[in-house]
Amino acid sequence: MPAPNGPHTPDLFAHHTPEPTTQQIGAQAWVLRGFALPWVDQLLPALQAIQATSPFRHMVTVRGFTLSVALTNCGSLGWTSDHRGYRYSPLDPLREAPWPAMPEAFSELATAAALAAGFADFAADACLINHYLPGSRLSLHQDRNERSFEHPIVSVSLGLPAVFQFGGFERSDKALRIPLLHGDVAVWGGADRLRYHGVLPLKAGEHPLLGARRINLTMRKAG
Ligand code: SIN
Ligand code: FE2
């Protein structure tokens, strides 16, 4: 193949930053490719501070299973699970103290991504932070512990790539398989708010910024 850039061809790609692209995955569900990249420099130190206060931990389900993803939260409410069930709580049960505050970069990103997906005035009050190691997975589930389903879910992927499953309204419905890369943001709301979704077992790898892991931020209006 000839070299694409001869002496008279401008080098179009020398300083090319990819335009964020959007992929529609439902009537009111979108993947915003690379949307979070301009925020990453602020997100990562904020994440460090959160986990120094409220560390990642493996929660158990009501049926006694241990979740393979480790999780923590920030914001005025945090998602928790134990033998009694799932709920949002203002307190981190590990410390019996409030969750770390939601960093401004998190809420700004959430509001901007929701708007880009057609949901105006989204103000997240809860951010569930999931930590995946190679092999970690999240089985198909609905996000339905929030007080109202009128607000979207904004999900930010960082670190290793994952395969996101985006299904229907029954667990057994066929699910789309969508690769989510570092910086991608998935937003689902409205008619798609209660779709089953999950994450296939994470493949081994090494991400230049995050190492052998994936971190997902799901921003919600829970209360
Ligand atoms: C979730 O459903 O809470 C997380 C989804 C993801 O990790 O991409
Ligand atoms: Fe979820």
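First listed ligand is number 1; within each ligand, the first listed atom is number 1. Note that the numbering runs from 1 along the sequence shown for the chain. Both backbone and side-chain heavy atoms feed into the values below; hydrogens, waters and symmetry mates do not.
Leu176 contributes atom CG, which lies 11.0 Å from atom CG of Asp173 (distance to the nearest 0.5 angstrom). Atom CG of Asn130 and atom CD1 of Ile215 lie 9.5 Å apart (nearest 0.5 Å). Atoms CZ and CH2, from Arg193 and Trp188 in turn, are 8.5 Å apart once rounded to the nearest 0.5 Å.
For the pair Arg220 (side chain) and Thr218 (backbone), a donor-acceptor distance under 3.5 Å is present. The backbone N or O of Ser89 sits less than 3.5 Å from a side-chain atom of Trp99, completing a donor-acceptor pair.
Remark: minimum distance from atom 3 (O) of ligand 1 to any protein heavy atom is reached at Arg220 NH2, 3.3 Å. Remark: minimum distance from atom 1 (C) of ligand 1 to any protein heavy atom is reached at Leu138 CD2, 3.5 Å. Given atom 7 (O) of ligand 1, the protein heavy atom at minimum distance is Tyr132 OH, 2.5 Å.
Taking the six-membered ring where tryptophan is involved, the planes of His151 and Phe122 are tilted, since the angle between them lies from 30° to 60°.
For ligand 1, one of its N or O atoms has an N or O atom of Asn216 under 3.5 Å away. Checked by distance only, ligand 1 and Ser157 stay at 3.5 Å or farther apart across all their nitrogen or oxygen atoms.
With hydrogens and angles left out, the side-chain atoms of Asn216 and His131 include no donor and acceptor closer than 3.5 Å.
Of all heavy-atom pairs spanning Cys74 and Met102, the tightest one is SG-CA, 4.1 Å.
Near His197, meaning under 4.0 Å from one of its heavy atoms, ligand 1 places the atoms 2 (O). Close contacts between ligand 1 and Arg214 involve ligand atoms 6 (C), 7 (O), 8 (O) [criterion: under 4.0 Å to a heavy atom].
Within a 6.0 Å radius of CZ in Arg95, more than 12 heavy atoms belonging to other residues, nucleotides or ligands are found.
With waters left out, the protein N, O or S atoms under 2.8 Å from the Fe ion (ligand 2) add up to 3.
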